[in-house]
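Worksheet: one structure, shown below.
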2 protein chains.
Amino acid sequence: MPYKDKEIEKLYYTIGEVSSMLNLNASQIRFWDKQFEIIKPHKNKHGNRLFTTKDIEAIAKVNELINEKGFTIQGARQYLEQSPEMFDDKREQAIAYLRLLKEKLSLLQE
Amino acid sequence: MPYKDKEIEKLYYTIGEVSSMLNLNASQIRFWDKQFEIIKPHKNKHGNRLFTTKDIEAIAKVNELINEKGFTIQGARQYLEQSPEMFDDKREQAIAYLRLLKEKLSLLQE
DNA sequence: GAAAATCATGCCGTACAAAGACAAAGAAAT
DNA sequence: ATTTCTTTGTCTTTGTACGGCATGATTTTC
């Protein structure tokens, strides 16, 4: 089977790969690794981090919360804990939207 | 007319009143006043702040965003800008908006 | 005189970034 | 082949800049 490796998705990514993938400083990724439970890379024999795609998604989410939406680390952590369906953004938005509708409707009915 | 003032809602509140109402330090309120456009108390001739209920609601909202939800000042500002309808109290607009929401809701309920 | 204001400065924690040290992986030289 | 050098990537630890108020100091208003 030629080219076999090239067609198989990698299981693990190094911190450098993740760093350039997401355009984030490696030290920042290490820092978040300490701060967020959802980022839990494996480590090889000498302590190097091995990230799965799940880890990478988690890092991307943290990045969004902190650098785009303007949460503190604490706030992001809290946000993530409160929405276990966190990686389903559509659902999240829909729920928020419905909540808003419900509120406003109850006001309307006076 | 006895007790007249006690039964009429105040138009303006001093910073001390707001401070104890919301259990916030006055310096923090002054600071937020500088940071958030939606907090815009009137000032009397010699500069004392006069807060309306609208201002107080705005402060309460900022407090919620920062101290409960964990936004940074920047993030809270950005959040508030992205949902202007929340503090737009003009009745007519609100009603028109609710009518729209109702429509959408009936669509959603299928 | 208690509470308001405006500065200025102080200060503490957060959120990284830089520093320093070590390991692995080629080239180059012996 | 093995040693040495250099580069590159990773690690942990420590430093630091900035955000977010708090605290005077001083003056004025209620």
Side-chain angles (χ1 to χ4, degrees), chain A residues 5 10-52 55-56 58-81, chain B residues 5 10-52 55-56 58-81:
Chain A
D5 286 340
K10 279 175 83 169
L11 282 179
Y12 297 120
Y13 297 82
T14 67
I15 199 166
E17 288 168 330
V18 177
S19 173
S20 58
M21 275 176 59
L22 301 181
N23 200 29
L24 293 170
N25 195 317
S27 68
Q28 195 167 0
I29 294 174
R30 285 188 206 102
F31 178 70
W32 286 348
D33 181 13
K34 286 180 193 163
Q35 302 300 318
F36 292 93
E37 288 186 358
I38 58 165
I39 303 173
K40 41 189 171 195
H42 295 117
K43 294 199 176 184
N44 67 12
K45 279 193 176 175
H46 219 72
N48 288 19
R49 291 170 177 77
L50 303 171
F51 298 89
T52 65
D55 290 317
I56 296 173
I59 295 169
K61 184 69 184 178
V62 167
N63 186 40
E64 180 196 335
L65 291 176
I66 290 184
N67 290 327
E68 291 177 29
K69 299 205 169 162
F71 281 92
T72 62
I73 299 251
Q74 245 248 79
R77 209 183 280 133
Q78 185 179 317
Y79 178 94
L80 289 171
E81 278 170 13
Chain B
D5 285 342
K10 281 174 83 169
L11 282 179
Y12 296 119
Y13 299 81
T14 67
I15 198 169
E17 288 169 330
V18 178
S19 173
S20 59
M21 273 176 59
L22 301 180
N23 200 31
L24 294 171
N25 193 317
S27 71
Q28 194 169 2
I29 294 175
R30 289 192 198 100
F31 179 71
W32 286 350
D33 182 12
K34 287 181 194 162
Q35 301 300 318
F36 292 93
E37 289 185 358
I38 59 165
I39 303 173
K40 40 188 173 196
H42 295 117
K43 293 199 176 183
N44 68 10
K45 279 196 173 177
H46 218 71
N48 286 22
R49 290 173 177 77
L50 302 171
F51 297 90
T52 65
D55 290 315
I56 295 174
I59 294 170
K61 183 70 183 177
V62 167
N63 185 41
E64 179 198 336
L65 291 175
I66 290 185
N67 290 327
E68 290 177 29
K69 298 204 170 161
F71 281 92
T72 63
I73 299 252
Q74 244 248 81
R77 211 184 278 135
Q78 184 180 318
Y79 178 94
L80 290 172
E81 277 170 15

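Lettering follows sequence order; numbering is per chain, from 1.
In this structure, A:Asp33 places its CG atom 13 Å from C1' of D:dT12, rounding to the nearest Å. Here C:dC16 presents its C1' atom at 9 Å from CD1 of A:Ile73, a figure rounded to the nearest Å. If you take CD of A:Gln35 and C1' of C:dC16, they are 10 Å apart, rounded to a whole angstrom. The interatomic distance linking A:Lys43 (NZ) with D:dT10 (C1') rounds to 11 Å, in whole Å. Spacing between atom CG of A:Asn67 and atom C1' of C:dA17 amounts to 14 Å, rounded to whole angstrom units. Atom CG of B:Leu24 is separated from atom P of D:dG20 by 16 Å (rounded to the nearest Å). The distance between atom CZ of A:Phe36 and atom C1' of C:dC16, rounded to the nearest whole Å, is 13 Å. Rounded to whole angstrom, the span from the CD1 atom of A:Ile29 across to the P atom of D:dT10 amounts to 10 Å.
Considering only side-chain N and O atoms, A:Lys45 lies nowhere under 4.0 angstrom from the phosphate OP1 or OP2 of D:dT10. B:Trp32 has no side-chain polar atom (N or O) that falls below the 4.0 Å cut-off from OP1 or OP2 of D:dG20. The phosphate of D:dT28 (OP1 or OP2) has no side-chain N or O of B:His46 nearer than 4.0 angstrom. OP1 or OP2 of D:dT10 has not a single side-chain nitrogen or oxygen of A:Arg30 nearer than 4.0 Å. At the phosphate of C:dT6, OP1 or OP2 sits under 4.0 Å from a side-chain N or O atom of B:Arg49. A sub-4.0 Å separation between OP1 or OP2 of D:dA22 and a side-chain N or O of B:Ser27 is present. The phosphate of D:dT10 (OP1 or OP2) has a side-chain N or O of A:Thr14 nearer than 4.0 angstrom. OP1 or OP2 of D:dC30 has at least one side-chain nitrogen or oxygen of B:Asn44 nearer than 4.0 Å. Residue B:Asn25 places at least one side-chain N or O under 4.0 Å from the OP1 or OP2 atom of D:dA22.
Residue A:Gln28 has its side chain nearest to C:dC16 when only D:dC11, C:dC16, D:dG20 are considered. Nearest to the side chain of B:Asn48, among D:dG20, D:dT29, C:dA15, sits D:dT29. Of the candidate nucleotides D:dC30, C:dC16, D:dG20, C:dC16 has the atom nearest to the side chain of A:Ile66. Of the candidates C:dA4, C:dT6, D:dT10, the closest approach to any side-chain atom of B:Ile15 belongs to C:dA4.
Between B:Ser19 and B:Leu24, the shortest heavy-atom contact is OG-O, 2.5 Å. Closest of all the heavy-atom pairs between A:Val18 and A:Ile29 is CG1-CD1, 3.8 Å. A pairwise comparison of heavy atoms in A:Asn67 and A:Gln28 identifies ND2-NE2, 4.0 Å as the closest pair. Here the closest non-hydrogen pair linking A:Lys40 and A:Asp55 is N-OD1, 3.2 Å. Minimum heavy-atom separation, A:Lys43 to A:Leu50: C-CD1, 4.2 Å.
The shortest distance between side-chain heavy atoms of B:Thr14 and B:Asn48 does not fall below 4.5 Å.
The rotation axes computed at either terminus of the helix from C:dG1-D:dC30 to C:dT30-D:dA1 lie 10° apart, taking five pairs at each end and rounding to 10 degrees.
For B:Glu37, the CD atom is loosely surrounded, since the number of other residues' heavy atoms within 6.0 Å does not exceed 12.
Ranked by how close their nearest DNA chain C nucleotide is to the 5' end, B:Ala26 and B:Lys34 are led by B:Ala26.
Between B:Tyr79 and B:Phe71, the ring planes lie tilted relative to each other; the angle falls in the 30° to 60° range.
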